[in-house]
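The structure appears right after this line, and notes come after that.
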Amino acid sequence: MKSEKERQVVPILLSITVVLAAGIIGFQLFFFQEPQPVVFLPQVSQTESEAPKKWNINTATEEELDENLPGIGPVIAKRIVEYRETYGAFATIEEIQEVSGIGEKLFDRIKGSITVDG
């Protein structure tokens, strides 16, 4: 027959086992998050048709310049057209800096969007 002490040991050991199991499960849930999937996106190169459109400053209208060039509003667009009418076609894109209101900073913003080529 089991003594009183032996009968008390079983519930104590069972309690210790349950507490340890709960601790291990809680630790795993708290510290080990489910890994997030890694998504690799393919590199997409721009084709000529996807390349940003360049606006010909020798042929663009005031509206086209105003609507499509960053930092160019209706006033500067009008000055570009007036400059072109007064002095003739721009020989280089850098020449647009001769237009009042177009400094180096604004030119840096638009130079990738303009051309003088046909």
Side-chain angles (χ1 to χ4, degrees):
M1 281 199 72
K2 294 183 178 179
S3 70
E4 186 63 31
K5 261 190 166 177
E6 289 175 335
R7 278 187 259 165
Q8 290 176 349
V9 169
V10 171
I12 291 172
L13 289 176
L14 186 58
S15 297
I16 292 171
T17 304
V18 168
V19 169
L20 287 175
I24 291 171
I25 291 170
F27 179 81
Q28 288 179 339
L29 291 175
F30 185 75
F31 288 104
F32 295 104
Q33 301 292 323
E34 189 171 319
Q36 299 296 318
V38 177
V39 178
F40 292 98
L41 298 175
Q43 292 290 332
V44 179
S45 62
Q46 284 189 335
T47 62
E48 276 190 39
S49 62
E50 295 173 339
K53 179 172 172 75
K54 290 197 175 200
W55 295 92
N56 187 330
I57 56 176
N58 287 324
T59 59
T61 64
E62 286 181 38
E63 292 78 20
E64 289 172 330
L65 296 169
D66 174 26
E67 293 172 6
N68 297 295
L69 297 179
I72 301 293
V75 173
I76 295 180
K78 182 176 176 126
R79 289 181 192 162
I80 293 170
V81 172
E82 287 174 351
Y83 182 93
R84 190 173 67 202
E85 291 170 352
T86 303
Y87 300 101
F90 293 97
T92 65
I93 62 169
E94 290 79 14
E95 189 180 340
I96 199 170
Q97 294 178 86
E98 299 295 320
V99 174
S100 175
I102 301 181
E104 187 176 331
K105 287 182 183 179
L106 182 53
F107 176 71
D108 285 341
R109 287 179 66 191
I110 66 172
K111 67 183 176 184
S113 301
I114 60 175
T115 185
V116 292
D117 299 329

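For clarity, every value in this text was computed on a predicted model and none was experimentally measured.
Within the hydrophobic cluster formed by Ile, Leu, Val, Met, Phe, Trp and Tyr side chains joined at under 4.5 Å, directly or through other members, L20 is accompanied by I12, I16. The hydrophobic cluster containing L14, built from Ile/Leu/Val/Met/Phe/Trp/Tyr side-chain heavy atoms closer than 4.5 Å, comprises no other residue.
Across every non-hydrogen atom of I93 and F107, the tightest pair is O-CE1, 3.3 Å. Here the shortest heavy-atom pairing between V81 and A60 reads CG2-O, 4.2 Å. Of all the heavy atoms in T115 and K54, the pair that sits closest is CG2-CB, 4.1 Å.
At least one donor-acceptor pair closer than 3.5 Å links the side chain of R79 to the backbone N or O of S100. Of the possible polar contacts, none joining the D66 side chain to the E62 backbone as a donor-acceptor pair under 3.5 Å is found. Checked by atom type and distance alone, the side chain of R84 pairs as donor or acceptor with a backbone atom of I57 at under 3.5 Å. In terms of modelled atom types and a separation under 3.5 Å, the side chain of N58 and the main chain of A89 share no donor-acceptor contact.
Every pair passing salt bridge (Lys or Arg N to Asp or Glu O under 4.0 Å) that includes a residue from residues 95-108 is listed here, sequence neighbours excluded: D108-K111.
Once rounded to the nearest 0.5 Å, the distance linking CD of E94 with CD1 of I96 reads 10.5 Å. Rounded to the nearest 0.5 Å, atoms NZ (K78) and CD1 (I80) are 13.0 Å apart. Note that the CZ atom of F90 and the CG atom of N56 stand 10.0 Å from one another [nearest 0.5 Å]. Rounding to the nearest 0.5 Å places CH2 of W55 at 4.0 Å from CG of N68.
A 4.5 Å side-chain heavy-atom check between P70 and R109 finds at least one atom pair inside the cut-off. Proximity of I72 to L106: side-chain heavy atoms (C-beta onward) are separated by under 4.5 Å at one or more points. Side-chain atoms of Y83 and I102, non-hydrogen and from C-beta on, never get closer than 4.5 Å to each other. Taking the side chain as every heavy atom from C-beta outward, T92 and V116 never approach each other to under 4.5 Å.
Under the 4.5 Å side-chain heavy-atom criterion for ILVMFWY residues, a single connected hydrophobic cluster contains both Y87 and L65.
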